[in-house]
Trainee: 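This structure is in structure tokens; I'll ask about it shortly.
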Amino acid sequence: MPIGAEVALDLLKAVLESLDRAKQATVLDERSISVRTKVSFLSWGERVTCTVVPVEGGILVRVESKSSVATTLFDYGVNRRNVQQVVRALNSVKG
């Protein structure tokens, strides 16, 4: 994305807080932001983290979603859907 890291973190905060079942986003450091999701009938919740990596001409956004409970064997596609939802939101903003 051809934007600066600070602008990207503001954008990512809004995107993460718009996720299904999302709580308030937390800035982890100058390049990372994270949000936890609430429990559902498919999951005990997840942690979705976005990391901004500077590259030539802008930034690269790394999106990761992990189950809150480390012993989770099957996530029923919830983590994949979280990542896809973030990517779709970023692409819609990008144009």
Trainee: Mark yes or no for whether Ser43, through its side chain, and Gly45, through its backbone, hold a donor-acceptor pair below 3.5 Å.
Mentor: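 Side chain of Ser43 to backbone of Gly45, a donor-acceptor pair under 3.5 Å: yes, one is there.
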Trainee: Mind running side-chain contact (heavy atoms from CB on, under 4.5 Å) on Leu90 and Val61 for me, showing each step along the way?
Mentor: CA-CA 9 Å; Leu90 290 175; Val61 178; 4.1 Å; yes
Trainee: Could you report the tightest heavy-atom contact between Glu30 and Leu9, atom names first, then the distance?
Mentor: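 Smallest heavy-atom distance, with atoms named: O-CD1, 3.1 Å.
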Trainee: Provide the closest heavy-atom pair for Cys50 versus Leu16 in the form atom of the first, atom of the second, distance.
Mentor: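 It is SG-CD2, 3.9 Å.
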Trainee: Please say yes or no: joined through hydrophobic side-chain contacts below 4.5 Å, possibly via intermediate residues, are Leu73 and Leu42 part of one cluster?
Mentor: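 Yes, one cluster joins them.
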Trainee: So, for Ser65 and Asn79, which heavy atoms are closest and what is the spacing to 0.1 Å?
Mentor: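 So the two residues come closest at OG-OD1, 2.6 Å.
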Trainee: What I want to check is whether the side chains of Thr51 and Arg31 have a donor and an acceptor closer together than 3.5 Å.
Mentor: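 Note: Thr51 and Arg31 side chains miss the donor-acceptor criterion.
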Trainee: Could you work out, with side-chain contact (heavy atoms from CB on, under 4.5 Å) as the rule, every residue matching Val87, not counting sequence neighbours?
Mentor: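 With neighbours one apart ignored, the set is Val83, Asn91.
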Trainee: If I take atom OG1 from residue Thr49 and atom CZ from residue Arg47, how far apart are they, to the nearest 0.5 angstrom?
Mentor: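 Those atoms lie 6.0 Å apart.
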Trainee: State which residues pass side-chain contact (heavy atoms from CB on, under 4.5 Å) with Val39; sequence neighbours excluded, sorted by chain then number.
Mentor: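 Val39: side-chain contact (heavy atoms from CB on, under 4.5 Å) contacts with Trp44.
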Trainee: Looking at Ser92 and Ala89, what are the two nearest heavy atoms and their distance?
Mentor: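 Taking Ser92 first and Ala89 second, the nearest heavy atoms are OG-O, 2.8 Å.
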Trainee: If you group Ile, Leu, Val, Met, Phe, Trp and Tyr by side-chain heavy-atom gaps below 4.5 Å, do Val78 and Val86 land in one group?
Mentor: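 No, because Val78 and Val86 fall into different hydrophobic clusters, even though each may have its own neighbours under 4.5 Å.
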Trainee: Roughly how far, to the nearest 0.5 Å, is the CG atom of Asn82 from the OG1 atom of Thr37?
Mentor: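 Separation between the atoms: 6.0 Å.
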Trainee: When clusters are formed by joining ILVMFWY residues with side-chain heavy atoms under 4.5 Å apart, either directly or through shared neighbours, do Leu60 and Leu28 land in the same one?
Mentor: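 Different hydrophobic clusters.
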Trainee: Of the non-hydrogen atoms in Ala22 and Lys38, which two are nearest, and what is the gap between them?
Mentor: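 That would be O-CE, 4.5 Å.
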Trainee: If you look only at pairs with a residue in residues 19-29, which of them pass as a salt bridge (charged side-chain N to carboxylate O under 4.0 Å, His left out), with sequence neighbours excluded?
Mentor: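 For residues 19-29: Arg21-Glu46.
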Trainee: How many angstroms lie between atom OG of Ser67 and atom OH of Tyr76, to the nearest 0.5 angstrom?
Mentor: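 If we round to the nearest 0.5 Å, Ser67:OG and Tyr76:OH are 11.0 Å apart.
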Trainee: Rounded to the nearest 0.5 Å, how far apart are NZ of Lys13 and CD of Gln24?
Mentor: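 Rounded to the nearest 0.5 Å, the NZ-CD separation comes out at 5.0 Å.
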Trainee: Heavy-atom distance under 4.5 Å between the side chains of Val52 and Leu12, does that happen here?
Mentor: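 Sidechains of Leu12 and Val52: in contact.
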